[in-house]
Amino acid sequence: MAISDDKNKEIDKKVDEQVHENHVKPRTLFSQSQLAQATGFSNATVNRYIKKHKIQGIKSTRGREILYPRDVLEKLMGYHKQQQENRKQVPQRTIVGAMQVNLKQLASQNASLQDQLKTKDEQIAKQQEINDSLVKQNEALQALLKQNQEIINKNNELVEKQNELLKQANEEPHKGNWFSRLFNK
């Protein structure tokens, strides 16, 4: 990635300002923590950036510390600026777009729910008609059952009367001659 001379000067000036503000001595090699101080990022963010871009550092002679050249600091500063610009622009576009998509989905759901409501209303109306006809049939059957019960009761009364008459007829002694008693006539 080639950076023009004007941009190099601007970045150098910003880096020097950051270095001066954060009390970091101007150097050509920086540790991860110094990169974080100079850019304002956290150590974890600097570490993620280094791993993401597979940046190789130089091992320090003083121990396990890995040092990175000044161009890594410059790239990190540019990355920081780009991230800030993206954060300002992306949410507005994505929020509006997401809301429009969500609105379309809700409109289609609303239409399908209205169709379902119409079919359910039709089903309820048909079921109500069926229920009304069943109630009328039930009332008619109840009336017929009542008439049948009355007829059965009358028949039972007639049968009882007949049985009583037969019983009385069998119990009455026959008066008459011996011939009529013999043949029950």
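For this chain, numbers begin at 1 and follow the sequence in order.
Contact check for Q100 versus L103: no side-chain heavy atoms found under the 4.5 Å cut-off. K146 is not listed as a side-chain neighbour of Q142, based on a closest heavy-atom distance of 4.5 Å or more. Inter-residue side-chain proximity for D121 and L117 is flagged as met; some heavy-atom pair is nearer than 4.5 Å. With a 4.5 Å cut-off on side-chain heavy atoms, N102 and Q105 count as touching.
Note that CD of Q34 is 7.0 Å distant from CD of Q37, once rounded to the nearest 0.5 Å. Between Q116 atom CD and K120 atom NZ the span is 7.5 Å, to the nearest 0.5 Å. Rounded to the nearest 0.5 angstrom, I152 CD1 and L145 CG are separated by 8.0 Å. Between atom OG1 of residue T45 and atom CZ of residue R48 there is a gap of 4.0 Å, rounded to the nearest 0.5 Å. Between atom CD of residue Q127 and atom CG of residue D132 there is a gap of 10.5 Å, rounded to the nearest 0.5 Å. Here CD1 of I151 is found 11.5 Å from CG of L158. Values are rounded to the nearest 0.5 Å.
In Q162, the CD atom is not crowded: 12 or fewer heavy atoms of neighbouring residues, nucleotides or ligands sit closer than 6.0 Å.
Nearest heavy atom pair, residue N43 against residue A36, reads OD1-CB, 3.1 Å.
S112 pairs by the side chain to side chain donor-acceptor pair (under 3.5 Å) definition with nothing, not counting sequence neighbours.
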